[in-house]
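The structure appears below as C-alpha cells.
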Amino acid sequence: MPELPEVETIVRDLRPVLVGKKIVTFKVTKQRLLKNPLGQFKKFMIGATIFSVGRRAKLVLIGLSSGYTLLIHLKMTGQLVWRGSSGKIRLGGHPIVGVAAVPNRYTYITLGLAGGGKLYFNDVRTFGYFQLVKSELLAKHHLKFGPEPLTKNFTAAVLRQRLHGHPRVSIKAALLNQAVLAGLGNIYVDESLFAAGLKPSRRVGKLKSAEFIKLWSSIKQILSQAVRTRGTSFNNYRDGFGRKGTYWEKRWVYGRRGEPCRRCSRPISRTVLAGRGTHYCSNCQR
DNA sequence: CGGAGTGTTAGTCG
DNA sequence: CCGACTAACACTCC
C-alpha cells in the first residue's frame, strides 16, 4: 500500500502517541526483517526515548535519544499498529482482511513503551524492514533519494533537472525511480501521468518544456489531494480514528482497466511497463 | 486447481 | 546506460 501519502498519514497519526515515550522492550520473531544485528537494536533502542517521528521518501523515521534513528520501510504490506494501555488502537499500512486484533499471525516485531503502550509491526509478505542508522549519518544516507515533491524546494525546474539525467527512460520508469524523485509509487505515477496528459511510455528526453511544467503541477496536485484524503486503501482499511483513506474513490485510472475514462469515456488501457501494471487513457494521454 | 496479479526495491542479464 | 526480468513472500481473485 504505502507510497508517500500513506506513509505521511501513518507518520502524522503515530507522532502524537509516540513522541516522548521511552522504549522498554524490543521483541522480534523474524530476524530477517532486521538490517542490523539484533544486539544493536537492543542496545540502542531499549532505554531510549522517541523524540521524533518523521518521513523521508517512503521511510518512517523514528528519532531516538540514543543517537540513532530507526528507519522502517513498509514495502508492500507492512503495517504499524499502536495500542495504548487503554486498548486504543492507531494503525497505518496495509489492511489485513479479517485480522483486526494485534498481535496476530503477521506480527513480527513489537516495541514495548513505558506506560504500557505497544507498537506492532505486521507484514504479510515480509518484505519490510527495520534499520538503525546513526542520526549524524542520516543526511548522508538520504542522499540517495531525490527531492520531496511536496516541499517548496520542489520546483518545475528541479523536476526537469532531476529527469534530465535519464533522457531515454520512459517517464513512468523515471518517476518510479526514488533517486529521481522521492515518494511516488505505482498508483500515484499512473494518476499523475493521467493528470498531466502524458502516456507512461513517453521518453523523458522527448518531453517539451510545457509538459514538464504540467507534469510538475500534476504530481503536486495528485499527491497533496491524496494526503488530504489520507491516502489510498484497498479492501476495508480503517485507520485508528475509524476513518478510511479515500483517495481510492477519487482515482482516475489506477485499477480501472476497461472502465470508461472519467474524462472522455473511452476504456482505460492496461499494459506492463517497467515491470508494473500500468493504467492510462490512450485518448487523453499522448 | 492453476495462473495472474498485488502498494517496493535490489539485483542480474543481455 | 537501460529496460526486461526476477526474487524476496503470502495471499486474493478469476
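We name chains A, B, ... by the order of the sequence lines, and we start the count at 1 in each one.
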- Report which part of the nucleic acid A:R270 touches: base, sugar-phosphate, or nothing (heavy-atom distance under 4.0 Å, all strands). sugar-phosphate

- For A:Y129 and C:dC9, give me the distance from atom OH to atom P, rounded to whole Å. 17 Å

- Message: Let's see if you can work this out: which of C:dC2, C:dC9, B:dT9 has an atom nearest to the side-chain heavy atoms of A:H166?
- Response: C:dC2

- Whichever of A:G277 and A:F145 has the more 5' nearest nucleotide on DNA chain B, that residue is A:G277

- So what does A:G275 touch, heavy atoms closer than 4.0 Å: a base, only the sugar-phosphate, or nothing? nothing

- Among C:dC11, B:dT8, C:dA10, which nucleotide sits nearest the side chain of A:Y106? C:dC11

- Base partner of C:dA8, which must satisfy Watson-Crick or wobble distances under 3.5 Å: B:dT8

- Item | Candidates B:dT8, C:dC2, C:dA10 - which lies nearest the side chain of A:R168 | C:dC2

- Task: Report the relative orientation of the aromatic rings in A:F26 and A:F41; use parallel for angles under 30°, tilted for 30 to 60°, perpendicular for over 60°.
- Result: parallel

- Message: Whole angstroms only, please: what is the CG-C1' distance between A:L176 and C:dG3?
- Response: 13 Å

- Nucleotide nearest A:R105 when distance is taken to its side chain, options C:dC2, B:dA10, C:dC11: C:dC11

- A:M76, nearest nucleotide to its side chain (from B:dT6, C:dA10, C:dC2): B:dT6

- Query: When the P atoms of C:dA8 and B:dC1 are considered, how many whole Å apart are they?
  - Reply: 24 Å

- Message: Is A:K58 close enough to B:dT8 that one of its side-chain N or O atoms is under 4.0 Å from OP1 or OP2 there?
- Response: yes

- Short side-chain N/O contact to B:dT9 OP1/OP2 from A:H73, under 4.0 Å: yes

- Query: Taking NZ, NE, NH1 and NH2 as the nitrogens, is one of them in A:K250 or A:E191 under 4.0 Å from a carboxylate oxygen of the other?
  - Reply: no

- Message: Between the side chains of A:K206 and A:E211, is the shortest nitrogen-to-carboxylate-oxygen separation below 4.0 Å, so that they form an ion pair?
- Response: no

- Rounded off to whole Å, could you give me the CG-to-P distance for the A:D123 and C:dC11 pair? 11 Å

- Task: In whole angstrom, give the distance that lies between atom CZ of A:R276 and atom P of C:dA4.
- Result: 14 Å

- Examine B:dT8: is either OP1 or OP2 under 4.0 Å from a nitrogen or oxygen in the side chain of A:Q178? Give yes or no. no

- Message: How many whole angstroms separate atom CZ of A:R125 from atom C1' of C:dC9?
- Response: 6 Å

- Task: Please state how far atom CG in A:L4 lies from atom P in B:dT9, giving the value in whole angstrom units.
- Result: 11 Å

- Minimum-distance pair of heavy atoms, taken over all atoms of A:R105 and A:Y108: O-OH, 3.8 Å

- Which atom of A:L64 lies closest to which atom of A:F51, heavy atoms considered: O-CE2, 3.0 Å

- A:L181 CG - B:dT9 C1' separation (whole Å): 16 Å

- Of A:V272 and A:G165, whose nearest nucleotide on DNA chain C comes first from the 5' end? A:G165

- To the nearest Å, give me how far apart CZ (A:R257) and P (C:dC14) are. 11 Å

- Query: So, for A:R276 and A:N186, which heavy atoms are closest and what is the spacing to 0.1 Å?
  - Reply: CB-OD1, 3.4 Å

- Taking atom C1' in both C:dC1 and B:dT8, compute the distance separating them and give it to the nearest angstrom. 23 Å

